[in-house]
Amino acid sequence: MRGSPPFNNVNVGIVCYASVGGSGVVAVELAKCLAARGHDAHVISSEPPFRLREPRPGVWFHRVEAPGYPLFREPQYLLALTNRIVELSRAHQLDIIHAHYAIPHAAAAYLARQILRMSHRTTRLPRTVTTLHGTDVTIVGSDPSYRETLAFCIDQSDGVTAVSESLRADTHRDMAVQREITVIYNFLDCEFYDRRPNAALRARLCPSGTCEKLVVHVSNFRPVKQVDAVVQIFARIRRKVRARLVLVGEGPESPKAAHEIRALNLERDVEMIGEANDVVGVLSIADLFLLPSLQESFGLAALEAMACGVPVVASRVGGLPELIVDGVSGSLHGPRDLDGMAQSAVDILTDAGKHQAMAAAARRMAVERFGADRIVPLYEACYERVLAGISGSS
Ligand code: GMT
């Protein structure tokens, strides 16, 4: 087997989910940034992730097929993914297999490495890195049905990263993971995520005469996002401010949100626009972003809003306090404190000076603390340590 390659051209297999969700977004953005920095990034998923529709030099997509058989009630995705990682490792001499979201990607990476280790056909044995994103630990992964196997696979990774200090602590506490975990915050390309005012879109979503302020929420509408609470907070805001609410995204809680809108008689003030191709366009015309989640290990949607100069009113849970500075770039409250969130929203929306200062702080912090230029080198450093055989990734 060959030794470690020079660090300026690393072949990375990036395993991620293709569905709309922050972990897939981060994985694909990382692939693009790594390719731009001279590496080769092989994205491995069940279908092309939605941020990878356009071809990019240095980024390849590899589909995982999990063929069915009448005997199986469940698709055998873990086996198919493991097999695909083994094939791709051989074909592309992968140096690193980087699993984004531990379930089941950390297990597939572990199994693939074991297979490659035992095979006489292996000429390069890849190292494995697992990035923990949130519910792979906090809600799903720590469930007794998964915990022991998942903790084992995370511990077997050559490097482990988590997207916030909060998630690192949760992983050690709830999963009893022993391995050292490096915190690497999520990031954005802040040249792409920047405010681009669009008067026509603003006039459509917040027509002057009936609307003065635009409040936005973006999520995948799962229970953890409390989308019904978004509507309830907005109802309180609407009593004091001529505002409209735009809900972007869809998911299992979409019917509940629609029901809440009808129940509170807000049909004329709330629009559900479904999944938007141009999230930056919608955020660019927003005055405030609401994220009252029950749990959020990082809150990538809040960072997207901040990068577009939008103050965020959110729950004080998980990694959100590491992202949003209370009173500076937004406001934080307990996840059930809907009155507190509504009051803060009204304060921000009705005080132009405060709004302007928070919007500027949000943008500045997004660029300075969570810009791709700052964060991507931390992943490169993690790869470098792992390739050098340094145990753990710190
Ligand atoms: O929430 C999930 O189950 C999915 C996951 C995802 O793929 O979007 O979300 C988590 O990872 C994101 C990217 O790192 C974070 O921004 C989200 O905060 C995190 N979600 C939760 O912790 C609920």
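Source: prediction; values computed, not measured. Numbering of ligands and ligand atoms starts at 1, following listing order.
- Closest approach of Ala302 to Leu320, counting heavy atoms only: CB-CD2, 4.4 Å.
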Dump the pairs for me: ligand 1 N or O, protein N or O, distance under 3.5 Å, to 0.1 Å.
unit_1: ligand 1; atom_1: 1 (O); unit_2: Arg222; atom_2: NH2; d: 2.7
unit_1: ligand 1; atom_1: 3 (O); unit_2: Thr135; atom_2: OG1; d: 2.2
unit_1: ligand 1; atom_1: 3 (O); unit_2: Arg222; atom_2: NH1; d: 3.4
unit_1: ligand 1; atom_1: 7 (O); unit_2: Ser23; atom_2: N; d: 2.9
unit_1: ligand 1; atom_1: 7 (O); unit_2: Ser23; atom_2: OG; d: 2.6
unit_1: ligand 1; atom_1: 8 (O); unit_2: Gly22; atom_2: N; d: 2.4
unit_1: ligand 1; atom_1: 8 (O); unit_2: Ser23; atom_2: N; d: 3.3
unit_1: ligand 1; atom_1: 11 (O); unit_2: His133; atom_2: O; d: 3.1
unit_1: ligand 1; atom_1: 14 (O); unit_2: His133; atom_2: ND1; d: 2.6
unit_1: ligand 1; atom_1: 14 (O); unit_2: Asn186; atom_2: ND2; d: 2.8
unit_1: ligand 1; atom_1: 16 (O); unit_2: Gly299; atom_2: N; d: 3.1
unit_1: ligand 1; atom_1: 16 (O); unit_2: Leu300; atom_2: N; d: 3.0
unit_1: ligand 1; atom_1: 18 (O); unit_2: Glu296; atom_2: OE2; d: 2.7
unit_1: ligand 1; atom_1: 18 (O); unit_2: Ser297; atom_2: N; d: 3.3
unit_1: ligand 1; atom_1: 18 (O); unit_2: Phe298; atom_2: N; d: 3.1
unit_1: ligand 1; atom_1: 18 (O); unit_2: Gly299; atom_2: N; d: 2.9
unit_1: ligand 1; atom_1: 20 (N); unit_2: Glu296; atom_2: OE2; d: 3.4
unit_1: ligand 1; atom_1: 22 (O); unit_2: Ser297; atom_2: N; d: 2.8
unit_1: ligand 1; atom_1: 22 (O); unit_2: Ser297; atom_2: OG; d: 3.3

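- Ring geometry, Tyr101 versus His133: the interplanar angle falls under 30°, so the pair is classed parallel (tilted spans 30 to 60°).
- Remark: the backbone N or O of Glu47 is not paired with any side-chain donor or acceptor of Arg63 at under 3.5 angstrom.
- The aromatic rings of Tyr185 and Phe298 lie tilted to each other, with the angle between the two planes from 30° to 60°.
- Side-chain atoms of Thr131 and His98 form a donor-acceptor pair, as typed in the model, at a separation below 3.5 Å.
- Arg236 and Gln343 share no side-chain donor-acceptor pair at under 3.5 Å.
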